[in-house]
Amino acid sequence: MSKLSLIEDLKARGLIAQTTSEEELVEHLGSGRVTLYCGFDPTADSLHLGHLVPLLMLKRFQEYGHRPIALVGGATGLIGDPSFKAQERQLNSAEVVQDWSNCLKRQISQFIEFNDNGGAILANNYDWTSNVDVLSFLRDIGKHFSVNKMISKESVKQRIEREGEGISFTEFTYQILQSYDYQKLNELYDCTLQIGGSDQWGNITGGIELVRRMNGRSVHGLTLPLITKSDGTKFGKTEGGAVWLDPKKTSPYAFYQFWLQTPDADVYRFLKFFTFLDVARIEAIEAEDQAREGRPEAQRILAEEVTRLVHGDDALAGARRITEALFSGDHSTLDADDYAQLQLDGLPASQVPAELADLPLTTLLTEAGVATSGKQVKDALQRSAVVINDEVCSLDRNMDAATLFSKESARFERFFLVKLGKKKHHLFYL
RNA sequence: GGUGAGGUUCCCGAGUGGCCAAAGGGAUCAGACUGUAAAUCUGACGCGCGAGCUUCGGUGGUUCGAAUCCACCCCUCACCA
């Protein structure tokens, strides 16, 4: 089978929500190296899973010989994108946004090759936005925008029409800023394609129009589908909140586990979205899983591929080591070094407090971050869901931390493997 | 500036003097069943091992007793100007 064209591949993966004239886009992409961009607004100090698909998209284009620009929204992040948001957003201070912008820059640069000559570009829209004065903005840029058109955009419609909500001028202006980015990137780098989540369609078309008006050029846009889960819940969330790409915020082990727990109904789609495996290969995996009774392989493959992509081989190895040790059901094979390694690999770990006499387990485990409240621990204790070093711990031992965590009951006189529920593990050490 | 509608526990949303830690739904967590899946059933779901403690925009007040009544204030929205 011959290699698919980029667009064919993206289509096969279900990665295209909408595009401007597909014919023209295909032709454009076939005509040589295209420069494209995708923006990432600094709304936190790290990107999360929601950003991963567009980020990988840039990479996909790069693999097909195009030149990606990752744009950090140092300016737009100060304003806040209203697209499909139900409520006005809280403005973050300039310092914070600045700081977050730097974080994102660092993170993105680990992902895409920026250093090869003529390779990808990392930009920040603050660079060309911060020094535009109001009057120039209004006269040179604002003049190209029709308010009638702006308010009819689907992305802000609910904010304008919905009772009980409104939109500030600040956020309303966002689409102008983003359009200006496209215009600027077109001018500076000959950027002719903008990609983004499907919620960005309005902003993208706005930019396309501005480029046409100001630069007299016809450029393109492409949006990616919103990643949904089969059960309707939000993708990319765990108990602890968002799944971050920063290993300090979400450990590679937790990251690996997240993917491993993907429901069957989603896993093959996710393989197409989040990995670079050929679509044909993914379909083969699906067929094999179906032919075999019982547990599918897809989750494991997905977890390995994505963890490697985001955190690298070493981190993946660590995540697998922990998983192997904790979920094999047999902890007896672990030696003292293995326990130490678990911690190094990113298994959550805490030191056992010195004074245990009056410390209930509920408090101890809550403070270690195993659960968010004593109530949860209590519930788990009642249901025999708390296991310390392979021994089920019941509620009546709640006040018995001193014995449970004594040197005598420790593994190798130091370690305690605490399990809450089926999946939550925590290492305690003396 | 005027008029009207609102601000309830993570979210939606009931509750208009005691029976309210506050209905119902969602989300979440745990148990059974499984495959670290889904579906289903069960339990938990402000905090606390517990006695108990702290909530219903804010501050005061009325009352034996307030999320519920009163006053003032803050915030949001809509319409009008």
Tell me whether the centres of the aromatic rings in [X] and [Y] are closer together than 6.0 Å.
| X | Y | value |
| --- | --- | --- |
| A:Trp244 | A:Phe255 | no |
| A:Phe428 | A:Phe415 | no |
| A:Phe416 | A:Tyr429 | no |
| A:Tyr256 | A:His311 | no |
| A:Tyr174 | A:Tyr180 | no |

Reading nucleotides 31-40 of chain B 5' to 3', which nucleotides get B (base under 4.0 Å from a protein heavy atom), which S (sugar-phosphate only), which -? B-BBBBBS--
Counting only Watson-Crick or G-U wobble pairs whose two distances fall under 3.5 Å, which nucleotide matches [N]?
| N | value |
| --- | --- |
| B:C77 | B:G4 |
| B:U9 | none |
| B:C47 | B:G52 |
| B:C69 | B:G61 |
| B:A22 | none |
| B:U40 | B:A32 |

How far does the [atom1] atom of [N] sit from the matching atom of [M], given to the nearest Å?
| N | M | atom1 | result |
| --- | --- | --- | --- |
| B:G24 | B:U42 | P | 14 Å |
| B:G57 | B:A67 | P | 10 Å |
| B:G61 | B:U3 | P | 29 Å |
| B:A39 | B:G50 | C1' | 39 Å |
| B:C74 | B:A27 | C1' | 31 Å |
| B:G48 | B:C53 | P | 16 Å |
| B:U76 | B:U8 | P | 14 Å |
| B:C80 | B:U28 | P | 42 Å |

It should be established whether A:Lys375 places a side-chain nitrogen or oxygen under 4.0 Å from OP1 or OP2 of nucleotide B:A30. no
Side-chain donor-acceptor contacts of residues 138-145 of chain A below 3.5 Å, not counting sequence neighbours, with atom names and distances?
residue	atom	partner	partner atom	Å
A:His144	NE2	A:Asp140	O	3.2

Under 4.0 angstrom, heavy atoms only, what part of the nucleic acid is A:Thr363 near: base, sugar-phosphate, or nothing? sugar-phosphate
Could you check if a side-chain atom of A:Thr19 sits within less than 4.5 angstrom of a side-chain atom of A:Glu22, using non-hydrogen atoms only? yes
Atom-pair distance ([atom1] on [X]; [atom2] on [N]), nearest Å:
| X | N | atom1 | atom2 | value |
| --- | --- | --- | --- | --- |
| A:Asp379 | B:A44 | CG | C1' | 5 Å |
| A:Asn398 | B:G48 | CG | C1' | 11 Å |
| A:Leu365 | B:G48 | CG | C1' | 15 Å |
| A:Leu359 | B:G48 | CG | C1' | 13 Å |
| A:Lys378 | B:G46 | NZ | C1' | 14 Å |

I'd like to know if A:Asp314 and A:Arg308 make a salt bridge, using a cut-off of under 4.0 Å between side-chain N and carboxylate O. no
